[in-house]
Amino acid sequence: MNVNHLDTDAPGITLLAFENDWCAQCYTERPVIQKIEDEYRGQLTVQSVNVATDATLADKYRVQTAPSMVLIKDGEVVERIPHFIDHNQLESFIRYYL
């Protein structure tokens with residue numbers, strides 16, 4: 001999905017995972033994000049956002065570091081996670097808002 005066409009105002013939950021190509025922790029985070037996407041398919045929209053190529057979206061959500069995540073519910077930011085977290089921690093955030 002092209003993030004330029006991502007509707008973050010849509011109903012439901014969206015997880016934006018902000019990353020950079022040169023970021024080692026971002027590579028570590030990718031399998032966690034993929035597992036969450038697989039486990040919550042149909043309940044959650046997951047989108048990876050490269051902060052270098054999608055700076056406008058990073059600015060919109062005030063993302064200053066990678067990796068960072070923004071959890072959006074029904075168009076409203078409900079959580080900002082400005083660092084890498086493990087699967088269990090991320091799953092706890094998601095389950096709370098489902």
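- Minimum interatomic distance between Phe18 and Ala58 (heavy atoms only, all atoms of both residues): CE2-CA, 3.7 Å.
- Every pair passing side-chain hydrogen bond (donor to acceptor under 3.5 Å, both in side chains) that includes a residue from residues 23-33 is listed here, sequence neighbours excluded: Glu19-Arg30.
- Thr65 pairs by the side chain to side chain donor-acceptor pair (under 3.5 Å) definition with Ser68, not counting sequence neighbours.
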* Yes or no on side chain to side chain contact (heavy atoms under 4.5 Å, CB included) for Ile13 and Ile72, after CA distance, side-chain angles and deciding distance? -> CA-CA 6 Å; Ile13 299 176; Ile72 301 164; over 6 Å; no
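- For residues 87-98, every residue pair satisfying the salt bridge (Lys or Arg N to Asp or Glu O under 4.0 Å) rule, not counting sequence neighbours, is listed here: Glu91-Arg95.
- There is no path of hydrophobic side-chain contacts, each under 4.5 Å, that joins Trp22 to Val51.
- Residues forming a side chain to side chain donor-acceptor pair (under 3.5 Å) with Asp21 (at least two apart in sequence, or on another chain): Asn50.
- Residues Thr45 and Leu15 form no side-chain contact, since every pair of their non-hydrogen atoms from C-beta on lies 4.5 Å or further apart.
- Atom CD1 of Ile94 is separated from atom CD of Gln89 by 12.0 Å, given to the nearest 0.5 angstrom.
- Rounded to the nearest 0.5 Å, atoms CG (Leu90) and CE (Met69) are 5.0 Å apart.
- Between Leu71 and Val77 there is no side-chain heavy-atom pair separated by less than 4.5 Å.
- How far CZ of Arg80 is from CZ of Phe93: 13.0 Å, rounded to the nearest 0.5 Å.
- For Asp86, there are no salt bridge (Lys or Arg N to Asp or Glu O under 4.0 Å) partners at least two apart in sequence or on another chain.
- For the side chain to side chain donor-acceptor pair (under 3.5 Å) test, residues two or more places apart in sequence or in another chain that qualify with Gln34 are Asp38.
- For the pair Ile36/His87, a side-chain contact is recorded, criterion being any heavy-atom separation below 4.5 Å from C-beta on.
- For Glu37, there are no salt bridge (Lys or Arg N to Asp or Glu O under 4.0 Å) partners two or more places apart in sequence or in a different chain.
- Asn20 contributes no side-chain N or O that, together with a main-chain N or O of Ala66, makes up a donor-acceptor pair within less than 3.5 Å.
- For the salt bridge (Lys or Arg N to Asp or Glu O under 4.0 Å) test, no residue two or more places apart in sequence or in another chain qualifies with Arg62.
- With sequence neighbours excluded, the residues satisfying side chain to side chain donor-acceptor pair (under 3.5 Å) with Glu79 are Tyr97.
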